[in-house]
Every structure is written in C-alpha cells, then in structure tokens.
Amino acid sequence: MTEEEPTAAHWLFGDQLGPHFADPARGGPHRGVPLVMIEARSVFRRRRFHRAKAHLILSAMRHRAAELGDRVRYVKADTYRQGLREAVGDGPVTVHHPTSHTARAFVDALPAVRVLPARGFLVGHDEFRKWADGRGTERLRQEDFYRWVRRGHELLMEGDRPAGGRWNLDHDNRQPPPRGATGLGVPAPYRPRESDIDAEVRSDLDRWERDGDIAFVGEDAPRRFPATRREALAALRRFVEHRLATFGAYEDAMLAGDATMSHSLLSSSLNLGLLDPAECVERAEARWRSGDVPLNSAEGFVRQIAGWREFVWHVYWYFGPGYRESNALHHGGRLPDWFTELSPEGTGANCVGHVLDQVRETGWTHHIPRLMILGSLALQRGWDPRAVTDWFHRSFVDGYDWVMVPNVVGMSQYADGGRMTTKPYTSGGAYIDRMSDLCGTCRYKPSVRVGEDACPFTAGYWNLLHRHRDRFEHNARMSRAVRGLDRLTDLDALLEQERHRRD
C-alpha cells in the first residue's frame with residue numbers, strides 16, 4: 001500500500017482467481033488491502049455463451065469469494081461500472097492487467113483505476129516486445145519464441161542445449177491411435193465434486209433463462225473442470241502422476257470412445273488464473289528428470305504451455321486490437337445454424353457430428369478436433385473468420401478473447417495471411433482417417449472427392465486450394481499441394497459439386 005493510495009482497493013477479475021494475483025511478493029496488493037470482485041450479468045447478455053462455461057466462471061468466482069471471506073466485497077451487478085461504483089464509490093482501485101483489449105480500454109478510461117503488470121504468464125509484455133521488435137519482420141514464429149523461453153527459463157535444458165539434443169519432438173508426438181483401440185486405457189482425468197455453490201449457480205442460470213433475460217447454448221452437466229485452487233492442484237497432480245507419461249505420443253490422435261485421451265484438461269484452470277504456468281511446466285520437467293515420464297511427453301506438454309499458450313497471449317497484445325479484423329482470404333460466409341446450435345446432425349460427416357456433440361455436452365475438445373475438424377471445416381467453407389472466432393470464444397470453457405483471436409484468426413483460419421503461422425492448417429479426409437477412428441462408420445469415404453460418397457473434407461480441401469491458388473502456390477509449404485490440382489481429372493466436377501454444397 002503506497003502513501004498516495006492508503007485506501008486503494010484491489011479489483012480481481014473473474015480470470016484472476018489464483019493466489020499469485022493477490023500475493024504482494026509477486027506484485028500483488030498489500031495483505032491489508034481490501035479486495036473487490038464484480039459479477040456483471042451484462043457479460044452474459046452480450047454473447048450467447050455455453051452454459052457449462054457460464055457455470056464454471058460463476059462457480060470459480062463465488063468459490064474464490066468464499067475463500068477470501070471478509071476481505072473481499074463481492075458485488076452482483078448489471079454492469080462492471082455499476083458494480084465498481086457500489087463497491088468503492090469514487091475511491092482508488094488497482095487491478096492487474098486485464099486479459100482483453102476491451103477490458104483494458106475500459107479500466108484505462110476509469111479515472112481512479114491504476115493498472116498493475118499482468119500475472120499468470122512466464123514472459124512480461126516488455127520482454128516480449130523487445131524480443132519481437134528484434135526480429136525485424138512482421139512475421140513471428142512460435143518455434144523461435146519457444147526456444148527463447150526455454151533458454152531464458154532453463155526449461156528442459158542440459159547446459160545451453162535442449163534436453164535430448166532436439167528442441168522439437170513433434171515428430172515423436174504425432175502417432176495415430178493404437179489400431180483397434182477404443183481408448184488409451186489411462187486413468188481418467190480429475191473430476192471435481194460439486195458444492196452448494198454449484199447448486200446456487202445452476203439455480204441462478206435456470207432463473208435467468210426462464211426470465212428470458214439471458215440465453216445459453218450447450219448443456220450444463222455436473223461440473224467437469226476445477227473451480228478452486230485446491231481442485232486445480234489436484235487436477236495437475238493427477239495429470240503429471242498418471243497421464244503425462246502417455247500424453248506425448250498420442251497428443252494429436254482422436255478416438256470416438258476416448259474424448260480426453262491423455263490430455264491434461266488444465267487449460268480452463270490456467271485461464272481462470274487458478275494455476276500458474278510456471279508450476280505446471282516445472283512439475284512436468286521434474287517427472288521427466290525423475291525418470292517417470294519420457295522426454296517427448298514432457299516436452300510436448302511444456303511446448304503447449306511455455307510455447308504456444310505464452311506465444312498466443314503475447315501475439316494478441318503485440319498485434320493490437322485491429323488484428324481481429326484480419327481477413328486475408330476475404331472469407332465472409334455465414335455460420336450455419338446447425339453449427340452455432342452445436343447440432344451433430346449438421347453435415348452428415350461423422351467426425352463433425354461427433355465433435356460438435358462433445359462440445360455441446362462439455363464445452364471442450366482437445367486441440368486437434370478444434371483445429372483439424374471444426375476450424376478446418378470453417379476455413380474450407382469460407383466462413384467469416386470474425387464470426388468463427390466469436391463462436392470458439394463462446395462455445396469453449398477455456399475460450400477467452402486473447403486465446404481465440406490468435407488461435408482462430410492466425411492459426412485456424414489463416415486470416416492474417418501468415419503473420420504467425422507458415423501455412424493454413426487444413427487437410428483432406430485422409431488425415432482425419434489416419435489420426436482417428438471416426439471415418440470407419442461415416443457415410444462418406446475419405447478417399448472420394450466427387451459424388452454421393454465424397455468426403456466433405458477431401459472435396460473441401462481441393463476446393464480451398466483452387467479458390468486461393470494464386471496465394472498458396474507461392475507458399476513454400478503449400479506449393480506442392482497446389483500443383484496437385486493439375487493432376488485431378490475430376491477437378492471441374494469437384495468444383496461444380498462444391499458450388500452447390502448446402503450447409
């Protein structure tokens with residue numbers, strides 16, 4: 001507490017719920033400073049969120065308020081501005097750097113609010129900006145950043161070299177699922193037990209929907225993801241002790257009967273601030289050094305957090321608020337109702353229906369169904385990337401603006417034209433067939449491009465390449481595929497078929 005602000009309160013946003021956001025030793029407020037939390041119903045009016053996501057956020061906030069006891073003033077209000085006025089009047093407030101451009105602009109416009117540095121990430125904004133400015137190019141690559149973070153934080157290092165002699169073990173981590181298997185046979189992920197707070201949240205959500213005030217999409221089954229620090233630590237412990245060892249090899253694989261495979265399911269806990277990324281990667285490294293997990297699994301997990309998650313956070317801020325408007329491919333198609341309503345009957349393609357059903361039930365899938373099924377479909381169909389970004393933001397329990405703008409605009413939809421990835425991430429049905437068991441029972445055949453049995457992904461892939469041939473033929477990672485168009489004897493029929501496709 002400073003002399004200039006002897007009565008300043010500290011505002012905790014709903015994604016700043018871990019102890020590192022209130023720890024004075026880590027840049028947080030003094031232990032005597034009162035805390036404020038605001039539950040603003042307007043957030044749920046602006047977007048039609050997945051109900052499981054709304055439940056998780058409100059449950060996590062209310063659980064944190066219960067833990068903090070008399071130190072926190074928890075206000076339920078219509079808007080943040082109204083809640084802040086009720087909590088502190090015109091008094092001074094501090095808050096850690098918010099996680100969206102909109103929220104940052106809002107707090108910057110409040111006269112009595114002072115913004116503290118961001119928490120919950122390994123690299124500070126100034127550090128990243130210095131690194132990125134030194135690249136001398138608009139194009140930033142996650143691999144370069146990842147190596148820089150590994151060196152700077154001494155993660156999986158042996159002296160000045162990467163453990164095992166290679167930075168990137170992706171080649172070892174792209175195995176298809178075991179032939180004939182319906183699951184990996186690993187212990188299930190941690191599942192929390194609901195409390196009276198969850199019952200209260202569910203009752204409130206029911207009432208809001210009955211009143212017609214707010215609408216949701218998806219189902220609100222018993223809560224699947226941690227809402228407290230204790231639960232999040234238990235989930236982390238269960239992952240590193242029982243699931244991390246088998247994570248690496250099959251991290252890109254999909255099985256209809258095993259939605260979670262060996263994934264950690266920790267993204268929502270990290271994005272709510274219940275876990276700090278440093279403790280996650282350090283525990284993974286410790287399991288490798290003790291000989292309990294192979295290097296490819298530890299490296300794959302470290303890459304997801306210290307590499308990709310960290311990179312996405314900083315790209316979001318470095319490229320600025322205008323980045324979300326990027327649309328290099330000039331896609332403007334409307335998302336069909338079956339997609340926005342999470343209806344598995346949409347395309348008739350088994351993989352799409354299966355993944356949408358999982359999203360409807362849980363608000364979660366792992367990264368490959370998101371990227372190579374849902375995102376790839378949107379890219380091939382030419383849907384508006386801003387609408388696709390909004391859909392991912394609303395439909396996933398771990399979806400936040402800073403997460404989804406780079407992941408969808410930059411990676412999934414290639415809408416930035418290659419500022420953060422080297423090529424569009426899309427494929428024909430053969431990839432899905434190789435990496436999953438979802439094609440065997442599908443009415444479509446992954447090897448067929450034209451006709452009643454034509455796989456929508458196979459036909460859609462070639463149609464996309466043709467539509468953007470002028471751009472992709474100059475991309476070193478795409479040029480060979482583009483040249484393949486010249487070998488298709490049924491290209492005209494394929495293009496005619498895709499022109500008449502109805503979502």
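All residue numbers refer to positions in the sequence shown, counting from 1. Note that the coordinates shown come from a computational prediction; the quantities given were computed from them, not determined experimentally.
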Worksheet item: Which is it for Asp220 and Lys53 under the salt bridge (Lys or Arg N to Asp or Glu O under 4.0 Å) test, yes or no, and what are the steps along the way?
Response: CA-CA 8 Å; Asp220 180 16; Lys53 177 176 186 171; over 6 Å; no

Polar side chain donor-acceptor pair, [X] to [Y], under 3.5 angstrom:
{"X": "Trp131", "Y": "Asp144", "result": "no"}
{"X": "Arg243", "Y": "Ser262", "result": "no"}
{"X": "Asp416", "Y": "Tyr323", "result": "yes"}
{"X": "His367", "Y": "Asp252", "result": "yes"}
{"X": "His97", "Y": "Arg104", "result": "yes"}
{"X": "His63", "Y": "Ser59", "result": "yes"}
{"X": "Asn296", "Y": "Asn173", "result": "yes"}

Main-chain N/O of [Y] paired to [X] side chain as donor or acceptor, under 3.5 Å:
{"X": "Asn350", "Y": "Leu438", "answer": "yes"}
{"X": "Glu194", "Y": "Arg223", "answer": "yes"}
{"X": "Lys423", "Y": "Asn475", "answer": "no"}
{"X": "His366", "Y": "Ile368", "answer": "yes"}

Can you check whether [X] reaches [Y] side chain to side chain, under 4.5 Å on heavy atoms?
{"X": "Asp198", "Y": "Arg62", "result": "no"}
{"X": "Leu342", "Y": "His50", "result": "yes"}
{"X": "Leu184", "Y": "Pro178", "result": "yes"}
{"X": "His331", "Y": "Trp383", "result": "no"}
{"X": "Met435", "Y": "Gln175", "result": "no"}
{"X": "Asn407", "Y": "Trp308", "result": "yes"}
{"X": "Val355", "Y": "Met254", "result": "no"}
{"X": "Met478", "Y": "Pro424", "result": "yes"}

Other residues, nucleotides and ligands only: do more than 12 of their heavy atoms fall within 6.0 Å of [atom1] on [X]?
{"X": "Glu154", "atom1": "CD", "result": "no"}
{"X": "Arg161", "atom1": "CZ", "result": "no"}
{"X": "His171", "atom1": "NE2", "result": "no"}

NZ/NE/NH1/NH2 to OD/OE distance under 4.0 Å, [X] and [Y]:
{"X": "Glu251", "Y": "Arg174", "answer": "no"}
{"X": "Arg48", "Y": "Asp390", "answer": "no"}
{"X": "Asp401", "Y": "Arg324", "answer": "yes"}
{"X": "Glu67", "Y": "Arg64", "answer": "yes"}
{"X": "Arg51", "Y": "Glu219", "answer": "no"}
{"X": "Glu282", "Y": "Arg287", "answer": "no"}
{"X": "Asp160", "Y": "Arg151", "answer": "no"}
{"X": "Glu143", "Y": "Arg303", "answer": "yes"}

Worksheet item: Are Arg147 and Asn168 close enough, and set up right, to give a side-chain hydrogen bond (donor to acceptor under 3.5 Å, both in side chains), and what steps lead you there?
Response: CA-CA 9 Å; Arg147 296 181 184 192; Asn168 187 326; over 6 Å; no

Worksheet item: Between Leu140 and Arg135, which heavy-atom pair has the shortest distance, and what is it?
Response: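 Where Leu140 meets Arg135 most closely, the heavy atoms are CD2-CG, 3.8 Å.
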
May I ask you to decide if the ring planes of [X] and [Y] are parallel, tilted or perpendicular, using 30° and 60° as cut-offs?
{"X": "Phe106", "Y": "Tyr80", "value": "tilted"}
{"X": "Phe145", "Y": "Phe311", "value": "tilted"}
{"X": "Tyr318", "Y": "Phe128", "value": "perpendicular"}
{"X": "His10", "Y": "His96", "value": "perpendicular"}

Worksheet item: Pick one: which of Asn463, Thr458, Thr426 meets side chain to side chain donor-acceptor pair (under 3.5 Å) with Gln380?
Response: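 Result: among Asn463, Thr458, Thr426, Thr426 is the only option passing the side chain to side chain donor-acceptor pair (under 3.5 Å) with Gln380.
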
Practice prompt. Could you please spell out the steps behind the side-chain contact (heavy atoms from CB on, under 4.5 Å) verdict for Leu122 and Val149?
Written response: CA-CA 8 Å; Leu122 297 170; Val149 173; 4.3 Å; yes

Does [X] have its ring centroid less than 6.0 Å away from the ring centroid of [Y]?
{"X": "Trp313", "Y": "His125", "value": "yes"}
{"X": "Tyr425", "Y": "Tyr414", "value": "no"}
{"X": "Phe472", "Y": "His468", "value": "yes"}
{"X": "Phe457", "Y": "Tyr444", "value": "no"}

Worksheet entry | CZ-OG1 distance between Phe396 and Thr362, expressed to the nearest 0.5 angstrom |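 Going from the CZ atom of Phe396 to the OG1 atom of Thr362 covers 8.0 Å.
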
Fill in: Reported CG-to-CG distance for the pair Asp398 and Leu272, which is rounded to 0.5 angstrom
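The distance works out to 9.5 Å.
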
Worksheet item: Hey, mind stepping through Trp391 and Phe339 against ring-ring contact (aromatic ring centres under 6.0 Å, His included) and telling me if it holds?
Response: CA-CA 9 Å; Trp391 179 85; Phe339 193 83; 4.3 Å; yes

Worksheet item: Between Trp317 and His101, does a ring-ring contact (aromatic ring centres under 6.0 Å, His included) hold up when you go through it step by step?
Response: CA-CA 8 Å; Trp317 293 103; His101 292 296; 4.5 Å; yes

Fill in: Stepwise ring-ring contact (aromatic ring centres under 6.0 Å, His included) check, Phe21 with Phe13
CA-CA 10 Å; Phe21 290 95; Phe13 272 92; over 10 Å; no

